[in-house]
Enquirer: 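Pasting a structure below so you can have a look.
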Amino acid sequence: MTLLIIAYLGGALTILSPCILPILPFVFARAGQPFVKSTLPMLAGMAATFALVATLAAVGGSWAIRANEYGRLAAIVLLALFGASLLSSRIASTLARPIVDLGNNIMNATGGGRGTTTVKSALLLGVATGLLWAPCAGPILGLVLTGAALQGANLQTTFLLIAYAAGAATSLAVALLVGGKLFAAMKRSLGLGDRIRQVLGAAVLAGVAVIALGLDTSLLARISYASTASLEQAVLDRLHAKPLGGASSEVASKDMVIAAADTKPFRSDLPAEGYAPSLDGAVEWLNSKPLTSEQLRGKVVLVDFWTYSCINCIRTIPYVRAWAEKYANQGLVVIGVHAPEFAFEKKVDNVKKAIGDFQIGYPVAIDNDYSIWRAFENSYWPATYLIDAKGQIRYHHFGEGNYNRTEKAIQDLLREAGSQTTESAPVVPDAKGVEAGPDLGNIRSGETYLGYEQAANFASPEGLQPDTPHNYSIAEPGLNGWGLSGTWTVGRDQATLDQPGGITYRFSARDLHLVLGPGAGGKPIRFQVKIDGKAPGPDHGADIDADGNGTVTATRLYQLVRQSGTVAARNFEISFLDPGVQAYAFTFG
C-alpha cells in the first residue's frame, strides 16, 4: 500500500514538470465540456494506456518498443486531426468526409461539430494521449521501472504504474477544473469562445509537433531533471516505510541518554523493525563459507546491498570496509550482498576481480537470483541494514551519505550487545579516484542508461533503433543530451559498437563515469576522450591519461573526467578505435 501511495504522489508531482507541457493542450481542449462524459473518460483512457504501454516496455523487449512506435504514429495523426478540427469547423467537416467514423469522433471530442461530446470520443482522445505521454523518469518512476525490470511482468508493476498515471490524471483534472472556470468566464465576458477554441487548436498542433520531433523526451526532460527530483526523493524518504512492519529508522539518535554506571544494561533507542530475513539463496559466497542467521545470532550484523559498477555503491565501499576493520573485534559482522543490475555483473569472476580491486575482505553473498534482495524487500543500491544481536533489524539507510549516523548506530548496537565499545570519532577513509565522494553542489547531470529499456535524452536525429545495427550521427547536444556516432546495435541494457565510432554527452558535474565492457571476445578496446574538442589535460579521470587515451580491458565503471578547476558544463566525446565495445550507463559525481 505504501508503494502505491508513493507512486500516486509521484504521478501527481508531474504537473510541476516541464515534461507534462506537450500534453497540456490536449487536456485543456476539454475545458468547458462535461466532466463525467468528457474529462473523466479522457483522463482514464490516458492513465490506462500509459500504464499498459509502460508495463510492456519495461518487460516486453524490442517488440514492445516497435509496437509502441506504431501506436505513437497513429496517435500523432489522430491528435493532429483533432487540432486541425479545433482550428476550423470547416476543416473538421472536410476531414469527416473520407473517414466518417473517425471524423465524427474528432468533431464530437472537440465540440467543433454539431454533435455533442460522447464518452467514446473522449476515451479515444485519452488513449491517443496515453500513447504519446513520456513523463520524465524521476526517482519514483525510476523505482517502479527498475522493479519491473528485476521482477518481470506482474500485477504489482501494473498497479504501481496505474497509481502513477492516476496521480498525474488527478492533478490534470484539478488543473482542468480551474482552467475550465477561467475559460468559461472569458467566454461570457469577452465573447472569445471561437478565438479560444482556435488558440487551443494551435496549441494542440504545437504539442503534436513537439512530440513528433522528440523534444518531449530530450529538451523538456533536460530542463526538468532537477525540477521535481528533490520533491520525489522527499516523498520517498517520508513514506517508504521498511516493509518488515516496524517504524522507519533512517537515523540513529543524536541525543543518547547514557544509563547510570553499572545500574542497568545499555539499551539503544533505535526501534525494532522486525526480524531480519534469512540469508539463504545466494548462488555463492566469497571470502567466507555461507553464513546463517543462527551462526550470526549474538553478533551485530551490517548487511550492505551493492553491485560493483554502481558509482553510489563504489563511493560507499571505503566506509563499509573501514567499519568492518574497526569493529571486527568488538562483535560486528559485515556482509556484502552483491545484487547485479546488469547481466555482466552476474559473472562471479567479474565480482571476484572487483572485490580484489576494492580490497574487500568481508564476506560477500552473490545474490544473482535476487533471493536475499526480495527477502529484505529491498529496492535500492546501495542499501544498508543493521541487525542487532537478537536478529532484529534496528536501522536502515538507502543511498550514499549519513555515514556518521550509521556509525553511531553501529556503536549503539554493539554496546547494547554487551561490547565495551565507546563512542569514538567516526572513520575518515582515504578515498581516492572513483571512490572519492561526489561534489554534490555542482551536479546537474543524472544517471543515463544507453540501453533502449531506460534510455532518455537521446539526441541523435535517427532516434534509437532497438536490436538492429544502425548508423548514427550527432552534432552538439543540449545539456544532458547524448548521442552516438558510427554503427551501433542498441540492446535492452547496453549499446554495442559494430564499427569504430563514439559517444557524445553534454554534462555538468565534476566527475563523469561510463560503464564499459570489451564485449563477447574480451579483446582490449582502445579509446580516446576529448573535452570541448581538446585533450582533457588536468581534467582527466583515473582511467585515462592527460592526452585522453585509455583502454577497455574489463566490464566495469571507468572514471573518464574529473574537472580540476571550476565545474562547468562541458562537451564530452569518446572515440573508440576498435569495434566491439559495450556501453551501459553514464554516472556523475
Enquirer: For E453, is there an ion pair with R492 - N to carboxylate O distance below 4.0 angstrom?
Expert: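 Yes.
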Enquirer: Which value, rounded to the nearest 0.5 Å, describes the distance between K534 atom NZ and D532 atom CG?
Expert: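 K534 NZ to D532 CG: 8.0 Å, rounded to 0.5 Å.
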Enquirer: Can you label the angle between the F458 ring and the Y472 ring as parallel, tilted or perpendicular, going by 30° and 60°?
Expert: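 Rings of F458 and Y472: perpendicular, as their planes differ by over 60°.
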Enquirer: Looking at every heavy atom in both G502 and F576, which two are closest together, and how far apart are they?
Expert: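 Shortest heavy-atom separation between G502 and F576 comes out as CA-CD1, 4.2 Å.
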Enquirer: Give me the atom names and distance for the closest heavy-atom approach of L484 to V490.
Expert: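 Residues L484 and V490, closest heavy atoms: CD1-CG2, 4.0 Å.
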Enquirer: If only atom types and distance count, is the side chain of W381 paired as donor or acceptor with the main-chain N or O of A339 below 3.5 Å?
Expert: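 Between the backbone of A339 and the side chain of W381 there is a qualifying donor-acceptor contact (under 3.5 Å).
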Enquirer: Check whether any side-chain heavy atom of T587 lies under 4.5 Å from a side-chain heavy atom of H513, and answer yes or no.
Expert: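 Yes - at least one pair of side-chain heavy atoms lies under 4.5 Å apart.
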Enquirer: Is it true that E345 and T307 share a donor-acceptor pair across their side chains at a distance under 3.5 Å?
Expert: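 Checked: T307/E345 side chains pair up, N/O donor to acceptor below 3.5 Å.
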Enquirer: What distance separates N350 CG from Y308 OH, expressed to the nearest 0.5 Å?
Expert: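 N350 atom CG to Y308 atom OH measures 3.5 Å (nearest 0.5 Å).
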Enquirer: If you measure from the Lys or Arg side-chain nitrogens to the Asp or Glu carboxylate oxygens, is any gap between D543 and R556 under 4.0 Å?
Expert: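 Salt bridge: yes.
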Enquirer: Please name the pair of heavy atoms, one in A343 and one in D493, separated by the smallest distance, quoted to 0.1 Å.
Expert: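 Of all heavy-atom pairs spanning A343 and D493, the closest is N-OD2, 3.9 Å.
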Enquirer: Quick one: does any side-chain atom of S309 pair with a main-chain N or O of L557 as donor and acceptor, under 3.5 Å?
Expert: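 No.
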Enquirer: Looking only at atom types and distance, does a side-chain atom of D545 sit under 3.5 Å from a main-chain N or O of D547, one as donor and one as acceptor?
Expert: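 Yes; at least one donor-acceptor contact below 3.5 Å.
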Enquirer: So, the side chain of Q465 versus the backbone of E462: is there a donor-acceptor pair under 3.5 Å, distance only?
Expert: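 A pair under 3.5 Å: yes.
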Enquirer: Does a donor on one side chain sit under 3.5 Å from an acceptor on the other, for Y452 and D467?
Expert: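 Looking only at side-chain atoms, D467 and Y452 do form a donor-acceptor pair, the distance falling under 3.5 Å.
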Enquirer: Identify, with sequence neighbours excluded, every residue that meets side-chain contact (heavy atoms from CB on, under 4.5 Å) alongside A455.
Expert: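 Expected list: L464, W482.
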Enquirer: Are S473 and P461 packed together at the side-chain level, in the sense that at least one heavy-atom pair is separated by less than 4.5 angstrom?
Expert: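 With C-beta onward as the side chain, the pair touches.
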Enquirer: Taking the side chain as every heavy atom from C-beta outward, state whether P438 and D511 have any pair of such atoms under 4.5 Å apart.
Expert: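 Side-chain contact under 4.5 Å: no.
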Enquirer: What distance do L450 atom CG and I503 atom CD1 have between them, rounded to the nearest 0.5 Å?
Expert: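 Reported to 0.5 Å precision, the distance equals 5.0 Å.
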Enquirer: If I compare all heavy atoms of C313 with all of P382, which pair ends up nearest, and what's the gap?
Expert: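 Taking every non-hydrogen atom into account, SG-N, 3.8 Å.
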Enquirer: Just by modelled atom types, is the G399 backbone N or O under 3.5 Å from a matching donor or acceptor in the N312 side chain?
Expert: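 No: the side chain of N312 does not pair with the backbone of G399.
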Enquirer: Between E435 and R315, is there a salt bridge with N-O shorter than 4.0 Å?
Expert: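 No.
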Enquirer: Counting distance only, does the side-chain N/O of Q559 pair as donor-acceptor with the main-chain N or O of A542 below 3.5 Å?
Expert: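 Confirmed, Q559 side chain pairs with A542 backbone.
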Enquirer: Looking only at the side chains, is there a donor atom on one of Y449 and E341 sitting less than 3.5 Å from an acceptor on the other?
Expert: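 Yes, E341 and Y449 have a side-chain donor paired with an acceptor closer than 3.5 Å.
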Enquirer: Looking at every heavy atom in both F507 and S445, which two are closest together, and how far apart are they?
Expert: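 Heavy atoms only, the tightest pair is CA-OG, 3.5 Å.
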Enquirer: Would you check if the side chain of T504 reaches a backbone N or O of G483 as a donor-acceptor pair within less than 3.5 Å?
Expert: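 No, the answer is negative, given that no donor and acceptor are paired below the 3.5 Å cut-off.
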Enquirer: Does the side chain of K523 come within less than 4.5 Å of P518's, by heavy atoms?
Expert: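 They are not in contact (no side-chain heavy atoms under 4.5 Å apart), so the answer is no.
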Enquirer: Is the backbone of S564 close enough, under 3.5 Å, to the side chain of D539 for a donor and an acceptor to pair up by distance?
Expert: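 Answer holds: yes.
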Enquirer: Over 60° means perpendicular and under 30° means parallel, so tell me whether F342 and F344 are parallel, tilted or perpendicular.
Expert: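 Ring orientation, 0 to 90° scale: parallel.
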Enquirer: Do the side-chain N and O atoms of Q582 and T555 include a donor-acceptor pair separated by under 3.5 angstrom?
Expert: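 On atom types as modelled, these side chains do not qualify, holding no pair under 3.5 Å.
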Enquirer: Between T448 and Y505, does the side-chain hydrogen bond (donor to acceptor under 3.5 Å, both in side chains) criterion hold? Intermediate values first, please.
Expert: CA-CA 10 Å; T448 302; Y505 197 119; 2.8 Å; yes
Enquirer: Looking only at side-chain N and O atoms, does N571 offer a donor or acceptor that is under 3.5 Å from a partner on R506?
Expert: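 The criterion, which ignores hydrogens and geometry beyond distance, is satisfied for N571 and R506.
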Enquirer: Under the rule for side-chain hydrogen bond (donor to acceptor under 3.5 Å, both in side chains), what residues qualify as partners of Q563, not counting sequence neighbours?
Expert: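 Expected list: R570.
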Enquirer: Parallel, tilted or perpendicular, judged at 30° and 60°: which one describes the rings of F527 and Y558?
Expert: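 Perpendicular, since the angle between the ring planes exceeds 60°.
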Enquirer: What are the two closest heavy atoms between I525 and V581, and how far apart are they?
Expert: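 Scanning both residues completely, I find the closest heavy atoms to be CD1-N, 3.1 Å.
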Enquirer: Ignoring hydrogens and angles, tell me if any N or O in the side chain of T487 forms a donor-acceptor pair with the backbone of N471 under 3.5 Å.
Expert: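 A pair under 3.5 Å: no.
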Enquirer: With side chains defined as the heavy atoms from C-beta onward, is the minimum distance between T551 and P524 less than 4.5 Å?
Expert: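 T551 vs P524: side chains touch.
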